[in-house]
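Sequence positions, counted from 1, serve as the residue numbers for this chain.
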Amino acid sequence: MSDRKVFRKLISLEEAIRIIRDKIKPSRKVRLNIEESIDMISAENVFSTIDVPAYTRSEVDGYALRSADVCRASESCPAELKLIGRIGPDEIFEGNVKEGECVEVSTGSPLPFGADSIVPLEFSEEKNERVRIYRRVNLFENVLKAGIDFKFGDLVLGEGERISEAKIAALASIGRRTVAVYDRLRIGIISTGDELVSPGKELRIGRIFDVNSYLIASHARKAGFKVEILGIVRDNYDELLKAVKSALEKIDVLIISGGSSVGTRDLVYRIFRRMGSELEFHGVLMRPGKPTGFGLINGKPVLCLPGNPVSSIISFINIFLRPLIGEKAPKKIKAELLRKFFVAKGRREFVPTVLIKKGDKYLAYPIPGSSGAISRIHDADGAFSIPPGHELIEEGCELQVDMLFDEGPSDLLILGEIDPVIRYAAYLIWRRVGIKVRTIRVGREEALSEARKLGSMVALKSMNKVGLEDWIEVFSYGKVFGLYLSENAWRGINREKMIRVGSWPPWTMEFKLQRKVTRRLKLDYSGYITSSMEGLRYVDGGYLDGAFMYKIRDKRFVETGEIKVHLLAPKWENRDLFQKIEGLLKKERFDELKKRLLFLTGLNEP
């Protein structure tokens, strides 16, 4: 009776992929300069230690002023302002812009205190320290707010994420020079068969050139693995056993092509028995590729592929390669525009976008923001372009999305109040549930409107339940808000002294909480801030006596209240998915968040 083994149990492709993912995990870590980390897998969570940009700054060369002073300005009736100073991109104006005044600024200059917008130079005329302004500007027009790309504590790169060009730009923007990555797996390839000959050698009758070693190696190298072709082994048990033992001493993963079936010359499964191991699976419900097997020998993964080249590469790509490196996105994907988009006149416009798969079609959500915002690249799946001659692209318009950033489509959006906790929650959903989540910072009404179309989640401050009858709360948390003071201001807090402070914009919820302190202290609102870290920097740098902000430090902090953030999901769609997400986040109980996001000292459990 011949010593052969038939396939006892065939498993599904999905089960084979699950086993491969569970058994093959990178473990060897190295630290590289960020420019050398392209296409590597991050071995650490990288949190921003600064705001990006660090200061609210001008996006153009022009004049910093109060928008209220030029609200009626026009070509025929210009506003005239007094020029009180000039600063470059690396200077801070030490005065305060008052009514009827302006400061000349360069692109990148910090916004002077008291000013709330910038008029470009081309809409102005200067003469004898007086400046005529020929157009009105809105609040914060031509201004890039501090922290609009990343806030202090934002997760910029998660452990397990593949590092793209956009991720490297994001790391550079927060000042990271190096990053820890998982070293590329070392893959060894053995081809088996008496009939095989290496390319370049004489081909005799009955022999064929070894194709599989080079076909598999080229795909593996393209995917970023370190590859060593270990040569051809004849259909001889002792020779194969010796080759396998030698290979396992120097590689991380061994791939054996041929010998995986059940014929008398198919020896691979016998090697497992001899070395005290068993195959995790041997036989997959797929065509071609049925004889594929996999197991561990001495703790090292060994993938056994069919000898037929088509079967071999189909199995390798679908069972091994794609599960480990991710599906490669098509170059272009046809999608419907989720909301109307106004186009710059006379130019071809490229719009970073999130691509959402919904049913059997794709939806493109344009990411809002200016051309100076790195987050539009960081958060994008791709981009679509609009040729000159268009002023408005209507909702529902079909377009082609170029997958420029080598990212696949997203599964879910979270819209609204995006802070470090929500970003990290999105990461946890991806890591634990296995769906790709994008976060986009937009206002409350836009968040609710667009999320209703998509069936996506929203993150909102407070819990005004008007219009939220169809939403359920997944989780919530509170953030402590108050006034952070300099040492001098803190020592004189009870004296009759005017304190120069940075204020949040008047339409914000944070502004309302400022009033509690306003009744107790004499405050001079010297300018707007839009980020807690921005306020901290101005206070610690001596430019302000205090700043309203979320609690980052315990010292010299006057608490005014708590602002709650709620993550909501629609009742009418994906109930099972959202219940799974709710269970995940409740299970986490913020323990990991509190350990990793130490900057959020004011974070409270729900």
Side-chain angles (χ1 to χ4, degrees), residues 3 5 16 19-32 39-41 43 180-194 196-201 210-261 265-282 291-307 312-313 315-317 319-321 323-325:
D3 180 18
K5 179 182 177 182
I19 292 171
I20 291 287
R21 283 176 169 162
D22 183 58
K23 299 297 182 181
I24 302 180
K25 296 182 183 297
S27 59
R28 196 171 52 253
K29 298 179 181 180
V30 295
R31 182 163 291 278
L32 300 176
D39 219 32
M40 302 286 279
I41 302 299
V181 299
Y182 290 109
D183 199 6
R184 300 185 190 276
L185 288 174
R186 296 169 300 187
I187 295 177
I189 302 171
I190 293 175
S191 283
T192 67
D194 289 339
L196 297 180
V197 177
S198 296
K201 292 189 176 181
D210 174 22
V211 173
N212 289 355
S213 291
Y214 304 92
L215 182 60
I216 294 167
S218 61
H219 277 270
R221 285 198 177 101
K222 185 177 180 181
F225 296 106
K226 298 176 181 178
V227 182
E228 183 175 355
I229 295 176
L230 301 173
I232 298 169
V233 178
R234 303 300 166 199
D235 290 328
N236 179 281
Y237 178 81
D238 292 328
E239 286 187 24
L240 182 58
L241 180 62
K242 181 180 178 180
V244 169
K245 287 181 177 180
S246 175
L248 292 176
E249 292 177 355
K250 55 185 177 181
I251 50 85
D252 300 314
V253 179
L254 177 60
I255 295 174
I256 304 176
S257 172
S260 68
S261 192
R265 291 193 177 188
D266 295 313
L267 306 172
V268 172
Y269 68 87
R270 301 176 196 173
I271 298 297
F272 276 80
R273 287 182 175 178
R274 174 66 181 273
M275 299 188 71
S277 301
E278 290 289 337
L279 287 158
E280 295 283 340
F281 63 81
H282 189 201
T292 302
F294 173 80
L296 300 178
I297 299 179
N298 298 336
K300 298 278 186 79
V302 179
L303 180 66
C304 312
L305 298 175
S312 183
I313 198 61
S315 300
F316 178 68
I317 290 175
I319 294 178
F320 180 89
L321 202 58
L324 293 186
I325 69 170

* To do: Look only at the side chain of Ser198 and the backbone of Gly231, and say whether a donor-acceptor pair between them is shorter than 3.5 Å.
  => no

* Structure fact -> Taking every heavy atom of Leu230 against every heavy atom of Ala247, the minimum-distance pair comes out as CD1-CB, 3.5 Å

* To do: Give the intermediate values and the outcome of side chain to side chain contact (heavy atoms under 4.5 Å, CB included) for residues Thr292 and Leu303.
  => CA-CA 8 Å; Thr292 302; Leu303 180 66; 4.2 Å; yes

* State, yes or no, whether a side-chain contact exists between Ile256 and Thr192 at a heavy-atom distance under 4.5 Å. => yes

* Spacing of Arg31 atom CZ and Asp183 atom CG [to the nearest 0.5 Å] -> 13.5 Å

* **Minimum heavy-atom distance between Asp39 and Ala223, given as atom pair plus value** => OD2-O, 4.4 Å

* Structure fact -> In this structure, CD1 of Ile189 is separated from CD1 of Ile232 (nearest 0.5 Å) by 12.5 Å

* Pairing of Asp252 and Lys226 as salt bridge, 4.0 angstrom limit -> no

* Heavy atoms only: give me the nearest Asn212-Ser257 pair and the separation to one decimal. => ND2-OG, 2.7 Å

* To the nearest 0.5 angstrom, please state how far the CE atom of Met275 sits from the CG atom of Leu248. => 5.5 Å

* **Full working for side chain to side chain contact (heavy atoms under 4.5 Å, CB included) between Lys29 and Tyr182** => CA-CA 5 Å; Lys29 298 179 181 180; Tyr182 290 109; 3.9 Å; yes

* Would you say the side-chain atoms of Arg21 pair up with the backbone N or O of Pro323, donor to acceptor, closer than 3.5 Å? -> yes

* Below 4.5 Å, heavy atoms only, C-beta onward: do Phe272 and Glu278 meet side chain to side chain? -> no

* For Val181 and Val30, what are the C-alpha separation, side-chain angles and deciding distance, and is it a side chain to side chain contact (heavy atoms under 4.5 Å, CB included)? -> CA-CA 6 Å; Val181 299; Val30 295; 3.6 Å; yes

* To do: Could you tell me whether the side chain of Arg186 reaches within less than 4.5 Å of the side chain of Phe225, counting heavy atoms only?
  => no

* **Heavy-atom side-chain contact between Ile187 and Phe320 under 4.5 Å** => yes

* To do: Report yes or no: do Asp210 and Ser191 form a side-chain donor-acceptor pair below 3.5 Å?
  => yes

* For the residue pair His219 and Leu321, establish whether any side-chain heavy-atom pair is separated by less than 4.5 Å. => yes

* At what distance, to the nearest 0.5 angstrom, does CG of Leu240 lie from NZ of Lys245? -> 11.5 Å

* Evaluation steps, side chain to side chain contact (heavy atoms under 4.5 Å, CB included), between Leu185 and Ile24 -> CA-CA 10 Å; Leu185 288 174; Ile24 302 180; 3.9 Å; yes

* Are Ser312 and Ile216 side-chain neighbours, meaning at least one heavy-atom pair lies under 4.5 Å? -> yes

* Taking all atoms of both residues into account, what is the closest heavy-atom pair of Pro199 and Tyr214, and its distance? -> CD-CE1, 3.4 Å

* Asked: Are Cys304 and Phe294 close enough that some pair of their side-chain heavy atoms sits under 4.5 Å apart?
  -> no

* Asked: Can you name the nearest heavy-atom pair linking Lys23 to Pro301, along with the distance?
  -> O-CG, 4.3 Å

* Close side-chain approach of Val253 and Ile251, heavy atoms under 4.5 Å -> no

* Closest contact, heavy atoms only, Gly293 versus Leu279 -> C-CD2, 4.3 Å

* To do: Please round to the nearest 0.5 Å and tell me the distance separating atom CG of Leu324 and atom NZ of Lys25.
  => 9.5 Å

* To do: Output yes when a side-chain donor or acceptor of Ser246 lies under 3.5 Å from a complementary backbone atom of Lys242, and no otherwise.
  => no

* To do: Examine distances only and state if a side-chain atom of Asn298 and a backbone atom of Lys300 form a donor-acceptor pair shorter than 3.5 Å.
  => no

